[in-house]
Amino acid sequence: MIPTTSQRQSYYADPVIRSRLRDFLGGGPSGKATAVYFAAGTEWEALYRCPHPLTEWPDWLDMGAELNRSLWDGQSLVAHLDIEYVNFDFPAYPYLEAARIFDCQQPVVAAVSSILTESGIVPFHFLTGRGHHFVWRISRLSSAFDRLGKLGRVSDSLTRLYDSNCGPSGETVSPELAAAYSGLGLVIEYLAQQIKEMADPNCQLPIEMAAVETGSGPRGREVIAVDITEYADPLCSRVIRMPFSVYLKPWQQRHVLGGVLVDQLDPIFLIPMDGIDLKEGLMIRRNLDATKAHGARASTSIPEASEGMLSLIQHYSDSPLARFHDWFYSQEHDRRSTWPMTYDRMPFEVLPPCVAHMLAHPNDLLLRPGCVKRVVRVLLSLGWHPRHIAGLIRSKYEEDHGWDTQWQGYDPATRADFYARVFAGLFATGEDHLVDFNCQSAHEQGLCFVENCRENLVPFRDSLTNRKNYERMGCRPFNRLLLSKQHP
């Protein structure tokens, strides 16, 4: 059962818990916190998109709120990696079978630890409601920060957003920080690929780079997400859950999970994995008194890892993914003024009906990573350059499809680039073997939207494979040619 408001108020009034929360905000023992803002949530609603200045932090503690800090920091570039279990059919499952879902993630967690340790990075690690967070920081005065800035690509539209007053007190993101955050996204994409490659042979569930639908098993459509999607959005828009915060997501999703079930759940707190193992962490996080006791001995300071980042950046720079990124950014989106003659004239008749449906109904299908993955694969098979696939997706994001406030504070161009780059990059570097690029898998994933469809995705899969084998990726003519073995 969720702790009452008075219990949560009492919990947050504990000076040790307040100190641990302040440390994660970058405040240290007595210094001013370096996080630019925080966001809070109630038991009824997640309010991640509502930034508050840190001066309001005590008021939300007094209300017993769920707490999140900005990824945006005033002194460092904060790196964050999110690992979580997702069940598309039984969303309550992770709260009912926590031991199993965390056990399923262990190969991924082991891969994270191995790869980061090899580079000399020791992240801050804590448990969330459905998985793990890993956090570290890079000093803005470091060589690693400078190298990330040289890697970054920032769109003109994102630059304009950063130049606006995007912080709650009028703060703006500097060009140097914007470029470094963009570069960090590229390196984290490389890290996620390496994690997936290392963990796949030992993981009983599919590993994806986002919440991508998979085929169904005995417990529904389950996936372990190495979720790097925060790097699809502006730095100023994303937050990280705070260790020692109460976790209110099940109660916020009461209408999805079911009120009777939610009312029976034990409380959940976010627990640092400092000096404890997974079994202990899962026990502590369900008990308010045990959580407070853990707060007396656990650290929540985000470790500085600039030197280790230099090693990780070098590994990335020497990788096939870095070469793919250079190729990806060798093209530009068509100018918006030309879209009526370019992207808007995309001939849907050359597409399988499922992809035509996705492009015709972008809200909300093109917000779902699994749908974007299908679009990217099909258009790659037709000879599209992946940067122009991103341009086409961007054009759908920027058309009037009833988005309401969906794009307020976000950048469609950056989001489109991210998804097209990630999914095309997985194939280009050999991480995506297209095993689920067929109609049977589409049905199992719940991503077939056309009744009595007689199309077959296999020719598109074969064409994409042949394009890679014959080095014809991103080659014209496109929109009409499936590349066969007889026509290299």
Side-chain angles (χ1 to χ4, degrees), residues 1-12 17 21 38-50 60-68 82-105 126-133 205 210-211 213-214 216-225 227 229 239-272 278-292 294-295 364 367-368 446:
M1 180 179 296
I2 185 175
T4 64
T5 300
S6 61
Q7 287 175 322
R8 282 179 273 145
Q9 290 170 332
S10 175
Y11 168 75
Y12 283 136
I17 296 301
L21 292 166
F38 77 98
T42 69
E43 61 191 276
W44 303 281
E45 187 177 11
L47 301 169
Y48 308 133
R49 297 181 64 168
C50 300
W60 285 90
L61 285 178
D62 293 341
M63 290 187 283
E66 176 183 77
L67 300 170
N68 311 271
D82 182 3
I83 312 296
E84 66 176 3
Y85 168 92
V86 180
N87 192 312
F88 293 94
D89 297 309
F90 307 112
Y93 186 82
Y95 309 118
L96 301 175
E97 298 291 343
R100 175 181 175 268
I101 71 109
F102 277 93
D103 183 63
C104 289
Q105 295 174 62
F126 64 102
L127 297 183
T128 68
R130 299 186 303 174
H132 304 258
H133 280 359
L205 297 179
E213 291 88 346
T214 186
S216 184
R219 299 174 180 86
R221 292 174 295 163
E222 303 176 284
V223 67
I224 305 300
D227 189 352
T229 56
V239 297
I240 315 171
R241 294 187 182 277
M242 294 184 64
F244 290 111
S245 169
V246 63
Y247 180 80
L248 297 179
K249 190 168 187 173
W251 291 270
Q252 294 163 354
Q253 296 183 338
R254 172 183 294 269
H255 64 291
V256 175
L257 306 183
V260 174
L261 183 150
V262 168
D263 288 339
Q264 296 174 350
L265 293 178
D266 290 330
I268 304 175
F269 297 89
L270 306 186
I271 300 298
L278 178 61
K279 183 177 179 181
E280 291 174 301
L282 293 178
M283 292 176 60
I284 291 171
R285 74 183 193 138
R286 293 290 195 176
N287 184 287
L288 188 150
D289 290 332
T291 297
K292 291 170 67 174
H294 188 52
D364 70 340
L367 297 179
R368 295 168 59 177

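Numbers here are sequence positions counted from 1. Since the model is a prediction, treat every value here as computed from it, not as a measurement.
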(request) Work out which heavy atom in V239 is nearest to a heavy atom in A39; give both atom names and the distance. (result) CG1-CB, 4.1 Å

(message) On a heavy-atom basis, which atom in N287 and which in A290 lie closest, and how many Å separate them?
(response) OD1-N, 2.7 Å

(message) Within the structure provided, determine whether F88 and S216 are in side-chain contact (heavy-atom separation under 4.5 Å).
(response) no

(message) Does any part of the side chain of I268, heavy atoms only, come nearer than 4.5 Å to the side chain of R286, both counted from C-beta?
(response) yes

(message) Could you check whether any side-chain N or O of T214 sits under 3.5 Å from a backbone N or O of R221, counting only pairs where one atom can act as donor and the other as acceptor?
(response) no

(request) Please report the shortest heavy-atom distance between S245 and A65, naming the atom on each side. (result) OG-O, 4.4 Å

(message) Testing the basics here: between T291 and F244, what is the closest heavy-atom pair and its distance to 0.1 Å?
(response) O-CE2, 3.4 Å

(request) Output every pair passing salt bridge (Lys or Arg N to Asp or Glu O under 4.0 Å) with a member in residues 40-49, not counting sequence neighbours, ordered by first then second residue. (result) R8-E43

(request) Take the angle between the ring planes of H133 and F126 and call it parallel below 30°, perpendicular above 60°, tilted in between. (result) perpendicular

(message) Measuring only between side-chain heavy atoms, which start at C-beta, is T229 closer than 4.5 Å to D82?
(response) no

(message) Has N87 got a side-chain atom pairing as donor or acceptor with G220's backbone, closer than 3.5 angstrom?
(response) no

(message) Measuring from atom CD of E97 to atom OH of Y85, what distance do you get when rounded to the nearest 0.5 angstrom?
(response) 9.0 Å

(message) Which heavy atom of L248 sits nearest to which heavy atom of T42, and what is that distance?
(response) CD1-C, 3.6 Å

(request) Measure the shortest side-chain to side-chain distance between L261 and L96 over non-hydrogen atoms and say whether it is less than 4.5 angstrom. (result) yes

(request) Can you measure from CD1 (I284) to NE2 (H294) and round to the nearest 0.5 angstrom? (result) 5.0 Å

(message) Could you measure the distance from the CG atom of L21 to the CE atom of M242? Nearest 0.5 Å is fine.
(response) 4.5 Å

(message) Just verifying a value: how many Å separate T128 OG1 and I240 CD1, rounded to the nearest 0.5 Å?
(response) 12.5 Å

(request) Could you tell me which residues satisfy side chain to side chain contact (heavy atoms under 4.5 Å, CB included) with L282, sequence neighbours excluded, listed by chain and number? (result) F102, L127, L278, R285

(message) So, taking the atom named CD1 in I17 and the one named OG in S10, what distance separates them when rounded to the nearest 0.5 Å?
(response) 10.5 Å

(message) Per the side chain to side chain donor-acceptor pair (under 3.5 Å) rule, what does the pair list look like for residues 255-270, sequence neighbours excluded?
(response) R254-D263

(request) Look at the side chain of E66 and the backbone N and O of Y247, then say whether any donor-acceptor pair between them is shorter than 3.5 Å. (result) no

(request) Examine the side chains of Y93 and R130 and answer whether a donor and an acceptor come within less than 3.5 Å of each other. (result) no

(message) Under a 3.5 Å distance rule, please check whether Y12 uses its side chain to pair with a backbone N or O of M63 as donor and acceptor.
(response) no

(request) Please name the pair of heavy atoms, one in A40 and one in W60, separated by the smallest distance, quoted to 0.1 Å. (result) CB-CE3, 3.4 Å

